[in-house]
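In what follows, a structure is listed as structure tokens, so that the remarks can point back to it.
Throughout, protein chains are lettered first and strands after them, A, B, ... in sequence-line order, and every chain is numbered starting at 1. Values below: all heavy atoms of this structure, side chains included; hydrogens, waters and symmetry mates excluded.
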Amino acid sequence: MKPTLSRIIFAAILAFIALHFYGQRVIVAEEFALGTENARKVESRDGKEFTASYVKNMASIIEGIVNHSSVSAPDPQYLLWLGNSQLHAINQFRQGDHIAPYWLRESLACSDCIVPLGFSLPNANFQEYLAISQYVQANVPVRAVVMELAYVQMREDALRGDFTPIMTQELQGRIGSTKIGREIISRWEQSGDKKSSQRFSGLEGFIQKRYEEKLNSTLESNWPLWANRSSLYVNFLGDLYNLRNTVFFIKPSTVRKGIKSRSERNMAALEAILADCRRKEIPVIVYIAPVRQDHPIPYDAKEYDDWKKEVAAASARHSALFLNLEQLVPPQYWGSRDGETLDFMHFQGEGHKLVAKALLPKVNELLGKCQCGPKGGI
Amino acid sequence: MLFNTVSYLLFLSLSVLAYWLMPAVYRRWLILGASLFFYASWRIEFVFLVCFSAFVDYWFSLKIYDAKHPVKRKLFLASSLSINIGLLLYFKYTYFILNNIEAAGGLIGRDWKLAVGNIILPLGISFYTFLSISYTIDVYRRLFDPTRNFGVYLTYVLFWPHMIAGPILRAHELIPQIERTHHFNADHMAEGLRKILLGLFVKVALADQLSPLVDDAFSIAPSKLGGLDVWTMAFSFGFQIYFDFAGYSLIAIGSARLLGIHFPENFDWPYLAVSPRDFWKRWHITLSSWIRDYLYLPLGMQRFRDSSEGGINVDADRAGKRLRLTVALLLAWFIMGLWHGANWKFAFWGLWHACLILAYRICKDRFLFISGAWRSVAGWCITLPLVMLGWLPFRADSLDHSLQYMARVLDISSYGGVGFRESFYLLAFMIMAGMLVTRNFLKIYENAVIPAWMKYAGETALFGVIIFVDFIFLRPVNQFIYFQF
């Protein structure tokens, strides 16, 4: 059948009507990733944030510290607390709930003497921990490091595109001081993720880039549907993701097998952090992240056990304190992602208190008690 | 100018509108002006280079045509080819040549390092050089009388839909279309729009979404990967480059169609090829046809075909002829490999395909006992993985990495584990399955007796989905892969 213009015109009309209605269902990428039952929490004191779950916000916090605008105490000790979304998300958030770094800070004898910088990224891997720890140490005196380790993080790989703004030559040099660091940087250089974070990266070096940016900006200002494209993109990818899960029966409880080469890279990055901290005499606490215990965990049992042993051994090698908190949070403090599917990663506000309470004596032991009097808190 | 941008769509719309509104006598100038603007959207200074190169070929072609003495004709041809190839060698192969000289010196303990300044590779130089070469040779062969209008010739070289990355058209296929007055035809407009929409879909929704996964996979050291990982990478990159280049070609063909100009198809479901020779009748058809007529057959001292269609499709019947054609094949593919990039890994890729074709020639008559349909299936099962493996050197960082990837494929013990998320393997499988289903569906659809209204509604809905997806995914995150050639 010969193509006709009318078909294209009707197709375009149908498409734009569909886009209009599709765009009204707004999915925030982050909410989609966390699930509707989980809320991201950012903590602050005196209007100054000390936790972050985006790289750009970590950079803002660090900048504030460097400019002496972040805390009121003259010589605060910074504790760098690295984690994934378990550190910054609260399941079934209620007024008065806070995340673990907040409770730790509140419970410490002097809330401004020891500042836990809770830096976490969704699905963070240990290679990103290495990058963040080097970034923070380059700018701020870090007195101790705490790392939350979840087995599912071993399946993640490489640095995400969000790291672009902080990846200066200096930082790349710091990260690249170890073999795994060099591998991370080398892959970063070739990374498609880095490219896709730059909107017009395909036009680098083209004169066209200038007027393409102008055109896009004009369209965004004058055409709401065009301005809504990033939301449409998130919607679409989210729907594809759900379709994939439906077609292949993938659920949060589906057992995730280890990916050997990724695991090796992540463990090498962990060793690099531990070795670096040991060399600089920065005490480290490493803890196995709490996992809900009332359902079979979504990991291969043997792989998971072997991994915990490996982490314990690495901690011992580098004189880091190892804690296994996997059973810390009781079943009643867990929930679901979206009202239906189980959430194995994110617990309720009470769970965060428990984590802070478990770490408090160890942190006090490592950093020493402040001169100020004892405080309440957890 | 990248095709997958808002500015290109605006440029195209304005050009097409102006073209049909303007009196026919000015249309050629509009195309020329638009093409110059199109190329200048990359870097304005290289417009002068391409115009200079075009003028040189235009001038020499007239000299070839007017010369009576065969020696003089040959001399003019040689001069034109030397300048074209010289420019290509300078811009594209200087670093490659110098690096190899340095490496050779290193082998004998000499320091032969030579410093040159920063040489920027002009966009599309490989393609417009081939265009120019084919024009000059066609004039020499007396297949085509050269145009005596430099504006026409410049338009032929610079015509924006095909200038950067093909399809590579012969002068006798394009110049008459440039000179002819076209009449507005709504069906041609519809056809052009269809191809552009489909091309954008294939580029932005398929190729560009595969790109970060493929880039990430190839950033891992080969020694850390297993055999299954390497196969998946080979297939995934094979799909990426196909969608990328086919997408580009569709947009180019569609853009030309909006102006009433016909371009031949450049791809014909290459991953359904049942033999290596069949693959080269389906992949980058205009390039393989060019190689056939200007390299392969002349090197093999055979009669050329004079068409940008058909691909490489030549058999030899006599032993002497066979040997000559074999040498010609290896040489032509070696050159074609290097044409793709100044690196030995591209030469390896070229020779890989030459060896596949040679192996096919040797083996094909031994399997005639297998019935036609099964022979096709068997041929596809053998051809597809070998073609996909051939993409590894194309994408790998170096020849060394390419060989390491191949070694992983041959290492049976490496097939135990996985190096990527499960979805990466699944995606490669689903794309292949999707391609098979789509092709078979289209075949059935073409022959099925379906009420016209149903076909109309179905195609409208399909293009509605394509436009929907194009709108969401249109962003110039990646260039077209073939732009680097």
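Residues B/F473 and A/F236 bring their aromatic ring centres within 6.0 Å. Aromatic pair B/F468/A/F16: ring centres not closer than 6.0 Å.
Only the side chain of B/V469 comes within contact range of chain A, with at least one heavy atom under 4.5 Å from a heavy atom of that chain. Contacts of B/A40 with chain A are made by backbone atoms alone, with heavy-atom separations under 4.5 Å and no side-chain atom involved. Only the side chain of A/R265 comes within less than 4.5 Å of a heavy atom in chain B; its backbone stays farther off. Proximity to chain B (any heavy atom under 4.5 Å) is restricted, for A/A158, to the side chain, taken from C-beta onward. Neither the backbone nor the side chain of A/I184 comes within less than 4.5 Å of any heavy atom in chain B.
In this structure, CG on A/L5 lies 11.5 Å from CD on B/E191, to the nearest 0.5 angstrom. B/F37 CZ to A/I207 CD1: the interatomic distance, rounded to the nearest 0.5 Å, is 9.0 Å. Atom CD of B/Q209 and atom CG of A/L240 lie 9.5 Å apart (nearest 0.5 Å). Here B/L197 contributes atom CG and A/I8 contributes atom CD1; the two are 6.0 Å apart, rounded to the nearest 0.5 Å. Taken to the nearest 0.5 Å, the CZ atom of A/F10 stands 8.0 Å off from the OG1 atom of B/T460.
Contact count against chain B (heavy-atom pairs under 4.5 Å) is highest for A/S6 among A/S186, A/S263, A/S6. Between chain A and the residues B/V465, B/L474, B/I120, B/D470, the most heavy-atom pairs under 4.5 angstrom are made by B/L474. Top candidate by heavy-atom pairs under 4.5 Å with chain A, chosen from B/I44, B/I466, B/V418, B/L225, is B/V418. When each of A/I250, A/L14, A/L215, A/L219 is checked for heavy-atom pairs under 4.5 Å with chain B, A/L215 comes out on top. Ranked by non-hydrogen atom pairs under 4.5 Å with chain A, the options B/I472, B/L462, B/D229 are led by B/I472. Among A/E212, A/R155, A/K209, the residue making the largest number of heavy-atom pairs under 4.5 Å with chain B is A/E212.
Within the 4.5 Å cutoff, side-chain heavy atoms of A/Y211 are placed close to those of B/S41. A/Q208 is not listed as a side-chain neighbour of B/F11, based on a closest heavy-atom distance of 4.5 Å or more.
Under the 6.0 Å distance and 45° angle rule, A/R187 does not count as a cation-pi partner of B/F218.
Taking the charged nitrogens against the carboxylate oxygens, A/E183 and B/K224 do have a contact shorter than 4.0 Å, which makes a salt bridge. Comment: B/E422 does not engage A/R244 in a salt bridge, judged by the lack of any side-chain N to carboxylate O separation of less than 4.0 angstrom.
The shortest heavy-atom contact between A/A15 and B/G464 is CB-O, 3.3 Å. Of all heavy-atom pairs between B/F471 and A/R229, the closest is O-NH1, 2.8 Å.
Atom NZ of A/K260 has 12 or fewer heavy atoms from other residues, nucleotides or ligands within 6.0 Å. Within 6.0 Å of atom CZ in B/F184, more than 12 heavy atoms from other residues, nucleotides or ligands are found, so the atom counts as buried in its surroundings.
Between the side chains of B/Y456 and A/T4, no donor-acceptor pair of N or O atoms lies under 3.5 Å.
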